[in-house]
Amino acid sequence: MVQKNNNLTERPVLGSSIVKGPGSVYQIDSTKSNVYLVSRFNPGKIIGRATVYYVIDVFSREVVGFYIGLEEASWVGAMMALANANMDKVEFCKQYGYEITPDMWRAKHMPLVIRTDKGPEYTSDKIERYLLAFSIKFDNTPTGRADLKGIVEQYIYRAEERIKSLLPGYVHKDAGERGAPDYRKEAVLTIEDYTKIIIEGILNYNQNHWIEDYPVTKDMLKDNVKPIPNELWSWGISKARGILRTFDQKKVKFNLMPVEKASVKTTGIKFKNMHYSCKYVEDEDWYYRAESKTWKINVSYDPRLVDYIYIHLGNGKYEACELLPKSEVYRGMTFAEVKLKQDLEKKAKAIQEEAIEKGNVNQKAIIEKIVEEATKRRGDRQIKQVTTKEILPNRAVDKELERKEEAFILMEENHYQKFTQVQKQADVEDIDEEEDDDNDVALLRRLRRGKMG
């Protein structure tokens with residue numbers, strides 16, 4: 001602990017945060033908002049706090065991207081923030097009712113370097129494709145050296161701190177103490193409301209915030225540049241110091257999504273126990289080829305929606321595939337929800353298999369008992385021959401008995417059927433005592449004459 005504190009407070013920062021120009025280095029980090037939010041569908045229901053990601057340009061301190069969502073800190077949030085950094089902010093702000101000009105929020109670019117901590121979302125292989133696709137270097141700060149990404153840390157602190165008194169549902173430091181109110185009950189903001197507030201804060205910061213202790217250079221002094229994010233960004237670009245790169249947004253999103261293996265089968269592209277297809281796959285006869293041999297392919301997917309996956313065709317190209325009808329039950333779910341559903345079904349099936357096995361054992365015992373009783377009932381009487389001539393009259397007798405026994409009689413007490421049961425047994429016993437070939441025919445005639453009715 002002492003060493004960690006020394007790293008933060010006493011160790012000299014040899015790797016300066018000052019870089020050549022805008023777009024050289026971005027810092028990214030996440031935090032849990034202190035504001036409790038309510039449901040968009042039912043304002044009387046609290047949905048908890050949001051996770052917020054910020055991406056900041058080191059040279060200008062410009063906030064270049066962000067993301068607010070209900071997911072816990074994960075690659076999903078990070079990829080959304082990085083995608084937002086590359087997005088045209090005029091178009092983005094329109095989604096939330098903000099009409100801005102390009103000079104109000106200029107950032108829509110990829111960096112050369114991304115600096116962050118050792119969060120699990122950055123130590124997985126999910127980020128590798130993104131870095132390789134856009135030739136980005138990754139600077140993972142050592143454990144305990146938050147100072148090396150202090151710019152984004154400082155912004156995270158000030159984002160809510162300055163306006164906390166204006167935010168209903170903000171949980172203050174005295175929360176939980178005796179006499180302190182339950183701040184959560186004051187919540188009124190939806191995630192969309194909160195996002196608008198954060199956008200407003202970013203616009204205000206980028207255009208007006210005076211950066212204390214910014215290392216203003218001689219060239220900046222000469223050009224009368226103020227240490228304000230938008231001015232520093234614009235000056236850096238005008239002096240050709242920035243290395244700003246823009247890419248098609250679809251390409252960015254494709255390379256940000258996680259990649260896993262799927263199987264090409266005759267029943268479709270199988271991925272996480274679901275089946276997908278698309279016109280490209282059908283036109284290329286993949287399913288016909290799969291009849292002789294299945295194979296694996298790379299697919300990208302958004303963990304938040306199972307409806308689509310994106311098959312890799314090479315050279316950065318892809319085709320979107322959609323759920324087949326056999327997997328329609330999962331439409332609209334997240335992959336996590338599908339896994340939970342499948343796990344619950346598997347568990348339920350395992351439990352049911354025990355019941356099935358027990359039922360099979362019981363069924364076997366009951367069947368054996370029935371067969372045993374039937375065998376005793378037949379006794380020494382043997383079936384002499386099995387011919388159609390022999391079977392037909394036998395069948396006719398039982399059919400006639402069956403008809404009388406099963407006939408619909410809507411009486412509270414069916415004396416007829418009671419009598420039928422008794423008489424049937426008597427007649428059967430009579431036939432058992434006779435040995436001539438006309439036994440069944442005789443019984444049938446007696447039945448039709450009404451002896452039993």
Side-chain angles (χ1 to χ4, degrees), residues 37-42 45-48 50-51 67-80 83 121 124-126 129 190-192 250 253-313 318-360:
L37 305 175
V38 298
S39 170
R40 287 174 287 181
F41 309 106
N42 187 342
K45 300 289 185 181
I46 291 179
I47 61 173
T51 301
Y67 172 68
I68 298 173
L70 298 177
E71 303 278 353
E72 295 301 317
S74 64
W75 177 242
V76 171
M79 78 178 190
M80 290 296 293
E121 61 265 54
S124 70
D125 57 0
K126 293 175 182 175
R129 285 186 62 254
T190 65
I191 195 166
E192 184 177 7
K250 286 185 178 180
K253 290 178 179 179
F254 174 67
N255 285 284
L256 281 169
M257 288 188 287
V259 178
E260 292 188 30
K261 294 289 185 182
S263 300
V264 180
K265 298 178 175 292
T266 56
T267 54
I269 298 174
K270 187 176 181 181
F271 182 62
K272 295 186 181 295
N273 291 322
M274 291 175 283
H275 290 83
Y276 297 80
S277 188
C278 61
K279 188 175 184 301
Y280 174 87
V281 171
E282 294 166 2
D283 290 346
E284 293 295 316
D285 292 329
W286 281 19
Y287 302 137
Y288 174 76
R289 291 160 52 192
E291 289 180 358
S292 57
K293 184 178 181 181
T294 64
W295 70 95
K296 300 283 188 180
I297 59 171
N298 285 330
V299 299
S300 293
Y301 67 100
D302 188 327
R304 296 164 298 182
L305 186 66
V306 303
D307 296 16
Y308 307 96
I309 59 173
Y310 306 88
I311 60 175
H312 293 216
L313 303 180
Y318 63 88
E319 284 286 340
C321 289
E322 191 170 1
L323 275 176
L324 284 171
K326 67 178 70 178
S327 299
E328 187 72 19
V329 66
Y330 301 115
R331 186 173 294 278
M333 293 185 181
T334 67
F335 279 90
E337 288 171 337
V338 169
K339 186 178 186 306
L340 177 61
K341 183 177 186 296
Q342 292 174 345
D343 288 346
L344 289 174
E345 289 172 349
K346 189 181 297 184
K347 184 177 180 180
K349 183 180 178 182
I351 294 173
Q352 188 60 30
E353 283 176 351
E354 294 180 9
I356 291 172
E357 182 61 27
K358 184 178 179 181
N360 290 341

Partners meeting side chain to side chain donor-acceptor pair (under 3.5 Å) with Thr267 (sequence neighbours left out): His275
OG1-CG distance between Thr334 and Asp302, expressed to the nearest 0.5 angstrom: 10.0 Å
Of all heavy-atom pairs linking Val76 and Pro303, the shortest is CG2-CG, 3.8 Å
Do the ring centers of Tyr310 and Phe254 come within less than 6.0 Å of each other? no
How far apart are the closest heavy atoms of Ser39 and Asn42, and which atoms are they? OG-N, 3.2 Å
Applying salt bridge (Lys or Arg N to Asp or Glu O under 4.0 Å) as the test, list every pair that has at least one member in residues 257-275; sequence neighbours left out. Glu260-Lys272
Mind checking side chain to side chain donor-acceptor pair (under 3.5 Å) for Tyr287 and listing every partner two or more places apart, or none if nothing turns up? Ser277
Rounded to the nearest 0.5 Å, how far does OG1 of Thr51 lie from CD of Glu71? 8.5 Å
Per the salt bridge (Lys or Arg N to Asp or Glu O under 4.0 Å) rule, what does the pair list look like for residues 281-298, sequence neighbours excluded? Lys279-Asp283
Phe335 and Leu305: which non-hydrogen atoms are nearest, and at how many Å? CE1-O, 3.4 Å
Taking all atoms of both residues into account, what is the closest heavy-atom pair of Asp307 and Tyr276, and its distance? O-CE2, 3.8 Å
Are the side chains of His312 and Ile297 in contact, using a 4.5 Å heavy-atom criterion? no
Is there a donor-acceptor contact under 3.5 Å from the side chain of Trp75 to the main chain of Leu256? yes
Salt bridge (charged side-chain N to carboxylate O under 4.0 Å, His left out) against Glu319, all qualifying residues, sequence neighbours excluded: none
Closest non-hydrogen contact found for Val264 with Thr294 is O-CB, 3.2 Å
If the condition is side chain to side chain donor-acceptor pair (under 3.5 Å), which residues does Glu345 pass it with, not counting sequence neighbours? Lys341
List in chain and number order the residues that pass salt bridge (charged side-chain N to carboxylate O under 4.0 Å, His left out) with Lys339, two or more places apart in sequence or in another chain; answer none if no residue qualifies. Asp343
How many angstroms lie between atom CD1 of Ile46 and atom CG of Leu37, to the nearest 0.5 angstrom? 9.5 Å
Sorted by chain and number, sequence neighbours left out, side chain to side chain donor-acceptor pair (under 3.5 Å) with Thr190 holds for Asp193
Any heavy-atom pair between the side chains of Tyr280 and Ile311 that's under 4.5 Å? yes
Apply side-chain contact (heavy atoms from CB on, under 4.5 Å) to Asn255 and list each qualifying residue two or more places apart in sequence or on a separate chain. Arg129, Ala133, Phe134, Lys251
Can you name the residues that form a ring-ring contact (aromatic ring centres under 6.0 Å, His included) with Tyr330, not counting sequence neighbours? none
Which atom pairs, one a donor and one an acceptor, fall under 3.5 Å between side chains of residues 348-356 and the rest of the protein, sequence neighbours left out?
none

Might you confirm whether atom CZ of Arg304 has over 12 heavy atoms from other residues, nucleotides or ligands at distances under 6.0 Å? yes
With heavy-atom distances below 4.5 Å as the criterion, would you say the side chains of Arg40 and Ile47 are in contact? no
Taken in chain and number order and not counting sequence neighbours, the residues that satisfy salt bridge (charged side-chain N to carboxylate O under 4.0 Å, His left out) with Glu192 are none
So which atom in Ala320 and which in Cys278 form the shortest heavy-atom distance, rounded to 0.1 Å? O-CB, 3.2 Å
Is the shortest side-chain heavy-atom distance between Met274 and Arg331 below 4.5 Å? no
